[in-house]
Amino acid sequence: MPLRYSISLIQDEARYLLQQGIVSRQQPIYTLGKYIPAREWHSMEQALAEHDFLLRDRIGDLVAAEEWSND
């Protein structure tokens with residue numbers, strides 16, 4: 001059964017790949033598809049679409065869409 005992706009899970013995976021130097025912030029989000037199982041790609045696309053991200057948007061836009069709480 002495929003994993004149901006949430007936007008926070010996608011952001012976490014993107015941050016991890018950025019930290020490892022595997023992808024860059026300037027690459028399109030669809031680049032992340034190389035690093036997730038093909039059977040889970042549809043779920044990832046759905047989560048991105050629900051949050052108004054396009055596959056051509058930059059990874060930097062995805063990880064920058066974080067909410068910060070004021071302490």
Side-chain angles (χ1 to χ4, degrees):
M1 182 171 175
L3 176 66
R4 173 68 175 125
Y5 274 80
S6 67
I7 198 68
S8 62
L9 179 60
I10 297 168
Q11 289 170 324
D12 289 346
E13 291 201 23
R15 276 188 219 100
Y16 173 78
L17 293 170
L18 284 167
Q19 290 169 351
Q20 299 300 312
I22 297 170
V23 297
S24 74
R25 296 177 73 84
Q26 291 75 33
Q27 288 180 287
I29 291 173
Y30 67 76
T31 304
L32 300 175
K34 296 178 185 177
Y35 307 99
I36 65 159
R39 68 182 180 277
E40 296 175 6
W41 179 248
H42 182 70
S43 176
M44 183 176 157
E45 282 184 300
Q46 286 180 321
L48 290 165
E50 288 169 6
H51 289 86
D52 298 321
F53 286 104
L54 302 173
L55 295 178
R56 68 176 180 250
D57 291 343
R58 302 290 171 217
I59 293 172
D61 296 334
L62 174 65
V63 297
E66 302 174 51
E67 291 185 23
W68 297 93
S69 62
N70 292 333
D71 293 338

Original post:
Would you say the side chain of Ile10 lies within less than 4.5 Å of the side chain of Glu13, judging by non-hydrogen atoms?
Top reply: no
Subject >> Gap separating the CZ atom of Arg25 from the CG atom of Leu62, nearest 0.5 angstrom >> reply: 9.5 Å
Original post:
Is a side-chain N or O of Gln27 found less than 3.5 angstrom from the main chain of Ser24, in a donor-acceptor match?
Top reply: yes
Original post:
Ser6 and Ala47: which non-hydrogen atoms are nearest, and at how many Å?
Top reply: C-CB, 4.3 Å
Subject >> Contacts of Gln46 that satisfy side chain to side chain donor-acceptor pair (under 3.5 Å) - sequence neighbours left out >> reply: His42
**OP:** Sequence neighbours left out, what pairs pass side-chain hydrogen bond (donor to acceptor under 3.5 Å, both in side chains) with at least one residue falling in residues 49-60?
**Re:** Arg4-Glu50
Original post:
Which heavy atom in Ala14 sits nearest to a heavy atom in Ile59, and how many Å separate them?
Top reply: CB-CG2, 4.2 Å
**OP:** Please round to the nearest 0.5 Å and tell me the distance separating atom CD1 of Ile29 and atom CD of Glu45.
**Re:** 11.0 Å
Subject >> Least distance between heavy atoms, Asp61 atom then Phe53 atom >> reply: O-CE2, 3.8 Å
Original post:
Between Leu32 and Trp41, what is the shortest heavy-atom contact and its length?
Top reply: C-CZ3, 4.4 Å
Subject >> Non-hydrogen atoms of Thr31 and Val23 that approach each other most closely >> reply: CG2-CG1, 4.1 Å
Original post:
For the residue pair Tyr5 and Met44, what are the closest heavy atoms and their distance?
Top reply: CB-CA, 3.9 Å
Subject >> Non-neighbouring partners of Ile22 that pass side chain to side chain contact (heavy atoms under 4.5 Å, CB included), sequence neighbours left out >> reply: Leu17, Gln20, Tyr35
Original post:
Is Tyr30 reachable from Tyr16 through a run of I, L, V, M, F, W or Y residues, each pair having side-chain heavy atoms under 4.5 Å apart?
Top reply: yes
